[in-house]
Amino acid sequence: MASNTLILGLQWGDEGKGKIVDALSEEVYAVCRFQGGHNAGHTIKVNGQQTVLHLTPSGILHPNVNCIIGNGVVLSLEALDKEINDLVDAGINFDNRFFVSSGCALILPSHISIDKVRDKKESIGTTGRGIGPSYEDKIARRAVRLGDLGNEQILREKVELLVSYHNRLLVELYEEEPHDIDHVIAELLSFKHLHDKYCTDTQGLIYDWIIKENQSLLFEGAQGTLLDIDHGTYPYVTSSSTTAGGVSTGLGLGPKYINKIIGISKAYCTRVGEGPFPTELFDDNGKMLAEIGNEFGATTGRPRRCGWLDLLALKKAVFTNSVTDICLTKLDVMDEFNSIEVCIDYQGDQPVYKTFEGWKSSTEGITKFKNLPLKAQEYINFIEDFVGCNISIVSTGPSRDQTIHR
Ligand code: GDP
Ligand code: IMO
Ligand code: MG
């Protein structure tokens, strides 16, 4: 029977969504992105070769899987063009299997300027990709959308209005250089081939696939629950709905078509950018997590802050998203620790920890739960019981096959 699966992050992003979406893509008809933009960096490792995707859904490496960028995504045509070219050079085919919604709000160069200049003052630590300002314009109903590239007259009018507004902000408020409007239009038109080739009514496609053809789809989240515009650590968040509700608005289908919800969490916790992180470590344990886990941002290369797993935050994220199954990633990163802590309570702002003895043996590449060291099994079972949700997938390495299905 057909069944649709949502995969999303339960922490501050970079939980390993790309790896798991890729690993589960083989079984589905299409993989669909529903929010975010090229602030995402999703890493896939197959046969020793690493691919980092920013906009393209993580099903693209499977030649028979269709890929959709839904209306909820904010789209940089420049980033998309580059990513497609790189993947085509690597032998990936996009023809007749890659579709982008005409409703995607476009990220313009002036959005990027505004994002960068604001972040100097507001210090959210954004990825500087223009994400916040472009969602802002979408909500304010003045965005230029992918479909607008189909009519040059309309495109010109909309870009003129929007970029004049941006220029006023840039010049008068931030004392920055304005953008040349004709140049912006010419640059957008230079990417018209993307519109002509891939722009379509993606909601209509999804309707046909689910309702008429009884196909199974996979919905791929970007960022994570704690970066959600409503449910994250506001204002230190991204500007989209990263949680389960974002699927309905970002693709145009009702919640009853989401049958399984896999929430991804690292066996510990990381965060890139500013904002609260109560279980953050500043000691040797934190350094070990960063080094062994190779914790550097896949988009900006910034070092990720590291800390212990926060089970209260995880439990809340499970509720926020109606998670049916947890996937615990990067278990192997904890192999060498003498002891491991998890946050099980708070006293005021201070986390209260439960301490586990480390298993001190390699879990790398293990594919059967019963082959994990008993202490690692205990750690996983404790998390499962505390949070009240099955941990049905455990990841023991970055490669597609280094995965335990319980
Ligand atoms: P995403 O944004 O959620 O897709 O995650 P990223 O790709 O930004 O970051 C996850 C990083 O961890 C990538 O470098 C992955 O290759 C790597 N990774 C994923 N799962 C595992 C795992 O189980 N073990 C180890 N050691 N690395 C992993
Ligand atoms: P993936 O999909 C981790 C963070 C930024 C910043 C905040 C706002 O790879 O998990 P933005 O540019 O979105 O306005 O930045 O959100 N951030 C991410 N952190 N993983 C991501 O994506 C992120 N996308 C945005 O670091 O703190
Ligand atoms: Mg990432």
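Keep in mind that the numbers below use all heavy atoms, side chains included, and drop hydrogens, waters and symmetry copies. Each ligand, and each atom within it, is numbered from 1 in the order the structure gives.
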**Prompt:** Does the shortest distance from the Mg ion (ligand 3) to an N/O/S atom of Ala222 fall below 2.8 Å?
**Reply:**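 No.
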Should the pair [X]-[Y] be classified as a salt bridge under the 4.0 Å nitrogen-to-oxygen rule?
X: Arg129; Y: Asp115; result: no
X: Lys287; Y: Asp284; result: yes
X: Glu136; Y: Arg118; result: yes
X: Lys116; Y: Glu176; result: no
X: Arg33; Y: Glu220; result: no
X: Glu357; Y: Lys375; result: yes

Donor-acceptor side-chain pairing of [X] and [Y] below 3.5 angstrom:
X: Tyr236; Y: Arg271; value: no
X: His195; Y: Asp148; value: no
X: Asp81; Y: His193; value: yes

Who's closest to [atom] heavy-atom-wise, of [options]?
atom: atom 16 (O) of ligand 1; options: Gly297, Gly293, Pro398; result: Pro398
atom: atom 15 (C) of ligand 1; options: Ile44, Thr43, Leu328; result: Thr43
atom: atom 21 (C) of ligand 2; options: Thr300, Thr43, Asp14; result: Asp14
atom: atom 5 (C) of ligand 2; options: Gly273, Gly13, Gly9, Gly125; result: Gly125
atom: atom 17 (C) of ligand 1; options: Glu15, Lys330, Met334; result: Lys330

**Asked** Relative to the heavy atoms of Lys19, which atoms of ligand 1 are at a distance of less than 4.0 Å?
**Response**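 Close to Lys19: 20 (N).
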Can an N or O of [X] be found at a distance shorter than 3.5 Å from an N or O of ligand 2?
X: Arg302; answer: yes
X: Gly128; answer: no
X: Asp115; answer: no
X: Gly132; answer: no
X: Thr126; answer: no

**Message:** With the threshold set at under 4.0 angstrom, would you say Gly41 reaches ligand 1 through any of its heavy atoms?
**Reply:**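 Contact check Gly41 vs ligand 1: positive.
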**Prompt:** Can Lys45 be said to touch ligand 1, with heavy atoms closer than 4.0 Å?
**Reply:**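 Checking ligand 1 against Lys45, which is what was asked, there is no heavy-atom contact under 4.0 Å.
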**Asked** Heavy-atom contact under 4.0 Å between Ser239 and ligand 2?
**Response**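 Ser239: no contact with ligand 2 (<4.0 Å).
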**Prompt:** Measuring from the heavy atoms of Arg129, does anything fall under 4.0 Å of ligand 2?
**Reply:**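 The answer is no: ligand 2 sits nowhere under 4.0 Å from a heavy atom of Arg129.
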**Request:** Flag the pair Trp12 / Phe277 as yes when their ring centroid distance falls below 6.0 Å, and as no otherwise.
**Result:**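 Yes: the rings meet the under 6.0 Å criterion.
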**Request:** Please work out whether the ring planes of Phe94 and Phe98 are parallel, tilted or perpendicular, with thresholds of 30° and 60°.
**Result:**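 Phe94 and Phe98: perpendicular rings.
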**Prompt:** Once the angle between the rings of Tyr379 and Trp359 is folded into 0 to 90°, is it parallel (under 30°), tilted (30 to 60°) or perpendicular (over 60°)?
**Reply:**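 Because their plane-to-plane angle lies in the 30° to 60° range, the rings of Tyr379 and Trp359 count as tilted.
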**Item:** Polar side-chain atom of Thr242 near backbone of Gly224 as donor-acceptor pair, under 3.5 Å
**Value:**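 Looks like yes, one N/O pair under 3.5 Å.
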Side chain, backbone, both or neither: the part of [X] lying under 4.0 Å from ligand 2 by heavy atom:
X: Val237; value: backbone
X: Asn39; value: both
X: Tyr236; value: neither
X: Arg271; value: neither

**Request:** Provide the atom name of the closest N, O or S atom of Asp14 relative to the Mg ion (ligand 3).
**Result:**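 This residue's closest N, O or S atom turns out to be OD1.
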**Request:** Specify side chain, backbone, both or neither for Thr396, according to which of its non-hydrogen atoms lie closer than 4.0 Å to ligand 1.
**Result:**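 Contact part for Thr396 vs ligand 1: backbone (N, CA, C, O).
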**Prompt:** Heavy atom under 4.0 Å from ligand 1: found in Arg304's side chain, backbone, both, or neither?
**Reply:**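 For Arg304, only side-chain atoms sit under 4.0 Å from ligand 1.
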**Name of the residue among His62, Lys19, Arg400 meeting side chain to side chain contact (heavy atoms under 4.5 Å, CB included) with Val46** =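 That would be Arg400; it is the only one of His62, Lys19, Arg400 passing the side chain to side chain contact (heavy atoms under 4.5 Å, CB included) with Val46.
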Is there a nitrogen or oxygen of [X] sitting under 3.5 Å from a nitrogen or oxygen of ligand 1?
X: Asp332; value: yes
X: Thr329; value: no
X: Gly13; value: no
X: Gly16; value: yes

**Asked** Is the closest side-chain heavy-atom distance between Pro351 and Asp310 below 4.5 Å?
**Response**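 Contact flag for Pro351/Asp310 side chains = no.
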**Request:** Give the numbers and elements of all ligand 2 atoms closer than 4.0 Å to a heavy atom of Lys17.
**Result:**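 So the atoms of ligand 2 that pass are 1 (P), 2 (O), 10 (O).
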